[in-house]
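Everything on this sheet refers to the single structure shown next.
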Number of protein chains: 2
Amino acid sequence: MANIKPAVAGFSALGDPTRREIFQRVAERPRAVGELASGLPVSRPAVSQHLKVLKEAGLVREVADGTRRVYHIDPRGVGAMREWLDKHWRAALGAFQKFADDETEKEQSK
Amino acid sequence: MANIKPAVAGFSALGDPTRREIFQRVAERPRAVGELASGLPVSRPAVSQHLKVLKEAGLVREVADGTRRVYHIDPRGVGAMREWLDKHWRAALGAFQKFADDETEKEQSK
DNA sequence: CCTTACGGTAAGTTATAACTTACCACTTTG
DNA sequence: CAAAGTGGTAAGTTATAACTTACCGTAAGG
């Protein structure tokens, strides 16, 4: 367990609006499950299930405090997502440059 | 049309594995619909539908070339996603720092 | 201990979205 | 202008995942 899943798992996890909402609230400050559930329009078990997905995606960590489970953002998972975005962003910028150059050539050969 | 949706729409869009695959291939270099479909295990209409979602999320742009539609990454949408991630990442780092400080206090007052 | 607080898991329901095929619209070209 | 190439859209099917309620386990406190 606690295995580092590919960065891409974070995108599947944050694809759900409820999970994004949970993620944002945990990012504000660490929160327990009940606290999260009381501020959301879904049941507590639903929140637990979402937190499990976020945890497996490496986006949050769980810290026991008595019977409570306090959830924190895991910066590593978020960082992995940033890197993934950056990689493809840079690739796209490069490709766009090449495309623009090609278009210029075409234009000139008219 | 062509309205800029909130950055968060990108996460819903990239939550689907097939759309991530399409996004990656478009990031490599601009591609037409048929080219994308021929390299994927789904039908061409499915690719069209995915591209529509990606476009509405501001992640790709469409450039007409005769009867073909060539799709490019739209750096603005990707940039918006990076900013969203960064915002919450920084918020979390700050909150984590505060949490660590609190824990230290607790430890010391034992 | 017994009770209360807290939360994870199982099982079942249901809404959705990812797919398919069929069809149509548009350019380009012979 | 007919034919071929390309791709968007409509309609319908189906797999899935987001939810619910019910139940159980564990830690803290009287």
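Per chain, numbering begins at 1; letters A, B, ... match sequence-line order.
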message: Can you give me the first and the last nucleotide of DNA chain D (5' to 3') that has an atom within less than 4.0 angstrom of a non-hydrogen atom in chain A?
response: D/dA18 to D/dA28

- prompt: Which residue, B/Val33 or A/Gln49, contacts DNA chain D at a nucleotide closer to its 5' end, judged by nearest heavy atom?
  reply: B/Val33

- prompt: Is the phosphate of C/dG8, meaning OP1 or OP2, less than 4.0 Å from a side-chain N or O of A/Tyr71?
  reply: yes

- prompt: Taking B/Arg61 for the side chain and B/Asp74 for the main chain, is one N or O donor matched with an acceptor at less than 3.5 Å?
  reply: no

task: Could you check whether the rings of B/Trp84 and A/Phe23 sit parallel, tilted or perpendicular, using 30° and 60° as the cut-offs?
output: parallel

- prompt: Checking all strands, does A/Arg68 fall into the base, sugar-phosphate, or nothing category for heavy-atom contacts under 4.0 angstrom?
  reply: sugar-phosphate

message: In this structure, how many angstroms lie between the P atom of C/dC6 and the CZ atom of A/Arg31, rounded?
response: 16 Å

query: Between A/Arg82 and B/Glu83, is there a side-chain N and carboxylate O pair less than 4.0 Å apart?
result: no

- request: Mark yes or no for whether A/Arg25, through its side chain, and A/Leu36, through its backbone, hold a donor-acceptor pair below 3.5 Å.
  value: no

- prompt: Which part of the nucleic acid, if any, lies within reach of B/Ala32 when heavy atoms closer than 4.0 Å are counted: base, sugar-phosphate only, or nothing?
  reply: sugar-phosphate

message: Testing the basics here: between B/Val42 and B/Thr18, what is the closest heavy-atom pair and its distance to 0.1 Å?
response: CG2-CG2, 4.4 Å

task: Measure the distance from CD on B/Glu62 to P on C/dC26 and round it to the nearest whole Å.
output: 15 Å

Minimum heavy-atom distance A/Ala64-A/Arg69, with the two atoms named: CB-NH1, 3.9 Å

message: Name the residue from A/His72, A/Lys52, A/Lys55 that meets the side-chain hydrogen bond (donor to acceptor under 3.5 Å, both in side chains) definition with A/Glu62.
response: A/Lys55

Dump the pairs, protein N or O against N or O of nucleotides 27-30 of chain C, anything under 3.5 Å, distances to one decimal.
none

Contact list for residues 39-50 of chain A, test side chain to side chain donor-acceptor pair (under 3.5 Å), sequence neighbours left out: A/Arg19-A/His50

